[in-house]
Amino acid sequence: MALRTITSLGDLRGRRVLVRADLNVPIKDGAITDDGRIRASVPTLRRLLDDGAAVIVASHLGRPDGSPDPAYSLAPVARRLGELLGRPVAFATDTVGEAAQGAVRALEPAQVLMLENLRFDPRETSKDAAARGAFAERLAAFADAVVSDGFGVVHREQASVTDLEALRPSAAGLLVETEVGVLERLTRSPEAPYAVVLGGSKVSDKLAVIDSLLPRVQTLVIGGGMLFTFLAAQGHAVGASLLEEDMIDTVRGYLAKAEELGVAIRLPTDIVVAARFAADAEHEVVPADAIESASFGAAGIGLDIGPDSAAAFAAAIAGSRTVFWNGPMGVFEFPAFAAGTRAVAQALADLQGRGGFGVVGGGDSAAAVRALGFEDDDFGHVSTGGGASLEFLEGKRLPGLTALGWE
Ligand code: 3PG
Ligand code: MG
């Protein structure tokens with residue numbers, strides 16, 4: 001069955017609609033460092049406001065421990081949303097308590113109210129269905145209908161993502177519709193050659209997706225912290241670089257399976273090795289099979305792919321028609337170690353310019369491309385969901401989509 005869409009909710013004029021968004025954005029010293037997810041939530045909110053609904057926005061932020069914590073307040077997010085919408089966004093200082101109840105009562109059609117962080121209540125993420133259900137009832141009491149638009153969180157079984165949707169007429173928002181459409185295109189009918197580029201720090205996070213993608217892709221490109229476990233699996237010393245020793249055998253298995261299936265696994269041939277983990281660390285480029293040949297010896301830490309690898313990865317992307325990319329190639333937050341990630345982003349943007357289809361998957365990779373000065377329009381799609389898009393590509397059932405009629 002397909003996703004239920006907003007149209008299925010009928011006439012929304014004068015009705016109260018609760019929108020479960022994913023406004024979990026990075027915040028540093030009280031300032032939002034990447035507002036991509038807030039921007040991505042705007043089309044659905046505008047649509048509902050234009051339809052004459054009174055809109056209540058609910059989201060989580062970070063992983064507080066189930067009680068109010070000012071460090072995880074959504075107040076700065078509400079302010080930013082107000083700027084982007086060009087209208088005031090009222091803010092309730094609690095989630096389902098007296099402040100929220102009063103604010104909901106005062107809410108008029110075409111006005112917006114944001115509730116405080118859903119995860120300030122332990123029932124939001126509880127494993128106990130009855131506890132989740134009770135919290136969902138409190139949220140449901142605020143609204144005549146529910147729109148689920150937090151794509152980044154649809155892989156979680158949580159009160160506002162799954163339980164709430166069953167208590168009121170509910171539908172997918174425009175963002176969830178778009179994201180699912182893109183991921184369906186990648187799973188059902190990707191134009192070949194299809195390459196997947198994986199980075200980020202941990203192989204263990206990517207195991208399932210590597211496993212399920214190997215039979216479907218022509219090329220798998222590996223960068224980021226996880227590449228060192230691949231190099232170790234090939235028998236190379238990696239100095240003090242990130243390494244998941246307990247994954248080495250699994251990775252060997254993947255290398256063998258890829259060979260059997262005729263999938264090209266592209267690993268870096270050179271590495272930027274640094275004396276320590278710091279923005280201003282001394283660094284050298286060395287061959288990937290001789291990381292300890294850098295002057296730092298066994299103390300050297302690989303923080304980016306080298307220039308030859310960046311060029312080879314860009315060429316692999318250029319030779320493809322469909323590319324999905326998740327995870328930075330290096331520590332892009334430090335300008336000295338951002339070149340690999342920038343090269344991949346540029347190659348993906350170029351592919352798009354030539355009529356290919358390049359998708360940037362995930363919270364971190366999306367934040368990376370924006371931090372490096374790319375625009376969302378440079379790509380075929382920039383997903384707002386890291387874990388969610390990977391799990392979709394793995395072929396997993398996502399509870400937040402099932403709750404919206406998806407099968
Ligand atoms: C994310 O950023 O990964 C999503 O917002 C989901 O958050 P979570 O991983 O804490 O559930
Ligand atoms: Mg996450």
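In what follows, every heavy atom counts, from backbone to side chain, and hydrogens, waters and symmetry copies are set aside. No experiment lies behind these values; they were computed from the predicted model shown. Residues: numbered from 1 along the sequence shown. Whatever order the structure lists them in is the order used to number ligands and atoms, beginning at 1.
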Below 3.5 angstrom, do we get any N/O pair linking Asp22 and ligand 1?
-> yes
Do Arg47 and Asp50 meet the salt-bridge criterion of a basic N to acidic O distance under 4.0 Å?
-> no
Check ligand 1 against Arg63 and write out every atom of the ligand that is under 4.0 Å from a heavy-atom position of the residue.
-> 8 (P), 9 (O), 10 (O)
Would you call Glu260-Lys257 a salt bridge at under 4.0 Å N-O?
-> no
Any salt bridge between Asp128 and Arg123, counting N to O under 4.0 Å?
-> no
With ring centroids as reference points, do Phe332 and Phe337 lie under 6.0 angstrom apart?
-> no
Considering the heavy atoms of Asn24, write down every atom of ligand 1 situated less than 4.0 Å from one of them.
-> 1 (C), 2 (O), 4 (C), 5 (O), 7 (O)
Using 4.0 Å as the upper bound for N to carboxylate O, is an ion pair formed by Glu391 and Arg397?
-> no
For Arg119, counting its heavy atoms only, list the atoms of ligand 1 lying under 4.0 Å from any of them.
-> 7 (O), 8 (P), 10 (O), 11 (O)
Do the ring centers of Phe277 and Phe334 come within less than 6.0 Å of each other?
-> yes
Kindly identify the option in Arg156, Arg37, His60 whose heavy atom sits closest to atom 7 (O) of ligand 1.
-> His60
Would you mind listing which atoms of ligand 1 come within a distance below 4.0 Å of any non-hydrogen atom of Gly152?
-> 4 (C), 6 (C)
Would one find an N or O of Gln158, backbone or side chain, under 3.5 Å from an N or O of ligand 1?
-> no
